[in-house]
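Down below is the structure, laid out as structure tokens.
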Amino acid sequence: MKKIYSLLTVVLVFVPFAVQAAFGDTTTYLSKPFEVHKARLAKDALFDFPTDIDVTDDGIFVIADTYNHAIRKITKKGKVKTIAGNGSYGDKSGARFKAEFAYPQGVDIDNGVVYVADTGNHRISKIKDGQVTTLVQNLNAPEGVRVFGDILYFLDTGNGLLKKVSINGGKVTTVASGLSGPKKLTITVDGAYAYVANVGTYQVKKVNLASGQVTTLAGSGSAGEKNGACATATFRNLYGVHLDGNYLYVSDGNGSSDFVRRIDLTACQVETFASDESMVSINYPNGLTTYNGGLYVVATGISIVEKYNLDDAAVNSKFAGKDRFNVRDAKPVLIGNPKYLQLSKDKKWIIFSENNRIRKVKRTNLKDSELIAGSVVDNYNTNKDGDNTPRVGADARFSDVTSFAVSKDGKKLYVVDRNNNRIKEVDLKTRTMTYLTGAGGINAASNSNGSADGIACSNEYETGKKNCAYFNRPQGSVLAKDGKILYVTDTGNHSIRAVIVKGDNK
């Protein structure tokens, strides 16, 4: 799974310096913490890497809005509101809007009470009557919670354990051990068994809740995307599981090829229910639930909830979520996780990168911004699109823009596309992105691309090809005074590289 970055989402404001500012005084120029409590229609809601979802019998959805450190709900009228959490990372119980969570990744609602796997705080929290209290503490990064009757079952993920406690607190009992990175769980209607997404072994485990016996329901134990009989089927990255009737739905994928798999429990056969290779519907699918004939899937990678018709997965649409990372060009301008910035050549614009996009804002009018190039969906669409395909505006793809340089004539940007191990070029007038140099792996979150001087080799996704230039997650850049050489900090290779960006052939 690609690296997920912690971020503070912000709303654009302008605060002038005090009249008699002193040396070292600092004020906010662009930003204010995003107001997580503002109610929005579901499709306009701003989530940040949500990871789990549950629903009541009458259709109120509850969502673990993980990187906003909040628990949200979608009302029956289709509005998203905050149940608890002030949007700040922290460890604080009490009144719901003063409470703080730390990357909560599991959520369940039962009789109006919400139970939370507060992952970063290593505890299970309970939200009742507007108050957040601690039910269980001293765990190791719990990620899944499910209520059955008066018992709360939860995954002590870092310790590989399934545990239980009364919904009113008290003694904690270990139900099953020997699990490996268990993410989410679901419980049979009779309360006899739990199905667990056991990430470490690429398998779905079945746990007898009375005896604690753990058996394998599906998955050979090897990574893959093979359907068929439970014993020979393979999974890539198990995240969520949800039982509906005789089918167990499982979220799976790697961010480029993502799936919801379905296990027929009678025949014990695994099949693909839905898939996405365009990063627009179930990118990094995680928690899921069903309601009134629909399957609702949290797409963590793009911060939305996608709805599928249980009888026909081809009938699907976005149920909730506006855009990944809370970014927006329209008023009010929202930015998230800004990485780098420069002034335009005429000094009228601030050009900045954030969340795989490059944008600009006018210095004399901070109310609006304009997209130059990039999409909140990173990577390439698919490898077949290749480096040689020019892309305009939102069709451009970057994976973590850590720096860029403005050309000497002010017409172009030379962009360090870090996780794609490439240097790109963007025409500021046409907003067109083209390939400049670099080869090897794309969307790489580790230093494994090698190092080599050489020529530009477009459409080369393998490492070690003779004469090709290879970077290893480059990061910084600066343009020479004459505008002909771009110096790049090739971070993973512990070196500074020189790239010709203007010559006789340009």
Side-chain angles (χ1 to χ4, degrees), residues 51-54 56 62 64 71 84 91 93 99 101-129 131-201 203-219 238-243 248 250 265 287 289:
T51 50
D52 202 12
I53 188 170
D54 192 31
T56 63
V62 179
I71 308 303
D91 182 3
S93 296
F101 298 98
Y103 304 113
Q105 294 193 44
V107 67
D108 193 19
I109 184 168
D110 182 70
N111 292 322
V113 180
V114 179
Y115 301 88
V116 180
D118 191 359
T119 310
N121 284 323
H122 309 288
R123 70 187 183 194
I124 305 299
S125 294
K126 179 178 179 179
I127 308 170
K128 182 180 180 180
D129 298 329
Q131 294 289 314
V132 179
T133 57
T134 297
L135 198 63
V136 181
Q137 56 188 351
N138 300 321
L139 303 173
N140 188 349
E143 294 191 29
V145 289
R146 281 295 176 267
V147 173
F148 186 86
D150 60 357
I151 300 296
L152 176 69
Y153 294 90
F154 60 93
L155 294 168
D156 190 357
T157 302
N159 290 320
L161 303 172
L162 171 58
K163 297 181 175 182
K164 68 178 181 179
V165 69
S166 165
I167 58 174
N168 297 314
K171 183 181 178 181
V172 176
T173 304
T174 296
V175 176
S177 60
L179 299 170
S180 180
K183 289 281 187 180
K184 300 289 186 288
L185 75 158
T186 187
I187 298 175
T188 57
V189 294
D190 59 2
Y193 297 93
Y195 294 107
V196 178
N198 203 54
V199 175
T201 63
Q203 293 171 317
V204 178
K205 295 291 188 178
K206 183 178 181 179
V207 181
N208 185 311
L209 294 177
S211 68
Q213 181 185 21
V214 179
T215 57
T216 298
L217 173 71
L238 289 166
Y239 297 116
V241 288
H242 179 74
L243 183 64
L248 184 68
V250 180
L265 295 177
T289 193

Any idea which heavy atoms bring Leu135 and Ser166 closest together, and the distance?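 So the minimum-distance heavy-atom pair works out to CD2-O, 4.1 Å.
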Nearest heavy-atom contact between Gly212 and Ala176 is O-CB, 3.6 Å
Evaluate the criterion side chain to side chain contact (heavy atoms under 4.5 Å, CB included) for residue pair Leu217 and Leu265; output intermediate values, then yes/no. CA-CA 9 Å; Leu217 173 71; Leu265 295 177; 3.9 Å; yes
Any chance you could lay out the side chain to side chain contact (heavy atoms under 4.5 Å, CB included) test for Ser93 and Thr133, step after step, and finish with the verdict? CA-CA 5 Å; Ser93 296; Thr133 57; 5.6 Å; no
To the nearest 0.5 Å, how far apart are [atom1] in [X] and [atom2] in [Y]?
{"X": "Leu185", "Y": "Leu155", "atom1": "CG", "atom2": "CG", "result": "4.5 Å"}
{"X": "Asn140", "Y": "Asn159", "atom1": "CG", "atom2": "CG", "result": "4.5 Å"}
{"X": "Thr157", "Y": "Leu162", "atom1": "OG1", "atom2": "CG", "result": "10.0 Å"}
{"X": "Thr289", "Y": "Ile109", "atom1": "OG1", "atom2": "CD1", "result": "11.5 Å"}

Output side-chain donor-acceptor pairs under 3.5 Å for residues 141-154, partner residues at least two apart or in another chain, one line each.
| residue | atom | partner | partner atom | Å |
| --- | --- | --- | --- | --- |
| Glu143 | OE1 | Lys183 | NZ | 3.1 |
| Glu143 | OE2 | Lys183 | NZ | 3.4 |
| Arg146 | NH1 | Val107 | O | 2.9 |

Kindly indicate whether the side chain of Thr51, heavy atoms from C-beta on, has any atom under 4.5 Å from the side chain of Tyr103. no
Testing Ile53, Val114, Asp108 for side-chain contact (heavy atoms from CB on, under 4.5 Å) with Val62, which one passes? Val114
Contacts of Ala84 that satisfy side chain to side chain contact (heavy atoms under 4.5 Å, CB included) - sequence neighbours left out: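 Expected list: Arg96, Phe101, Ile127, Val132.
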For Thr216, all residues meeting side chain to side chain contact (heavy atoms under 4.5 Å, CB included), sequence neighbours excluded: Gln203, Lys205
Only distances under 3.5 Å count here; give the side-chain donor-acceptor pairs of residues 188-200 to other protein atoms, sequence neighbours excluded, each with its distance to 0.1 Å.
| residue | atom | partner | partner atom | Å |
| --- | --- | --- | --- | --- |
| Thr188 | OG1 | Asp190 | OD1 | 2.7 |
| Thr188 | OG1 | Ala192 | N | 3.3 |
| Thr188 | OG1 | Tyr193 | N | 3.1 |
| Thr188 | OG1 | Tyr193 | O | 3.3 |
| Asp190 | OD1 | Ala192 | N | 3.0 |
| Asn198 | OD1 | Ser180 | N | 2.8 |
| Asn198 | ND2 | Thr201 | OG1 | 2.8 |

Hits for side-chain hydrogen bond (donor to acceptor under 3.5 Å, both in side chains) against Lys163, two or more places apart or cross-chain, chain-then-number order -> Asp156
For residues 117-127, which residue pairs pass the side-chain hydrogen bond (donor to acceptor under 3.5 Å, both in side chains) check, not counting sequence neighbours? Asp91-Arg123, Asp118-Asn121, Asp118-Arg123, Arg123-Ser125
Whether Asn111 side chain and Val113 backbone form a donor-acceptor pair below 3.5 Å: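 Not at all, since once roles are kept as given, no pair shorter than 3.5 Å links the two residues.
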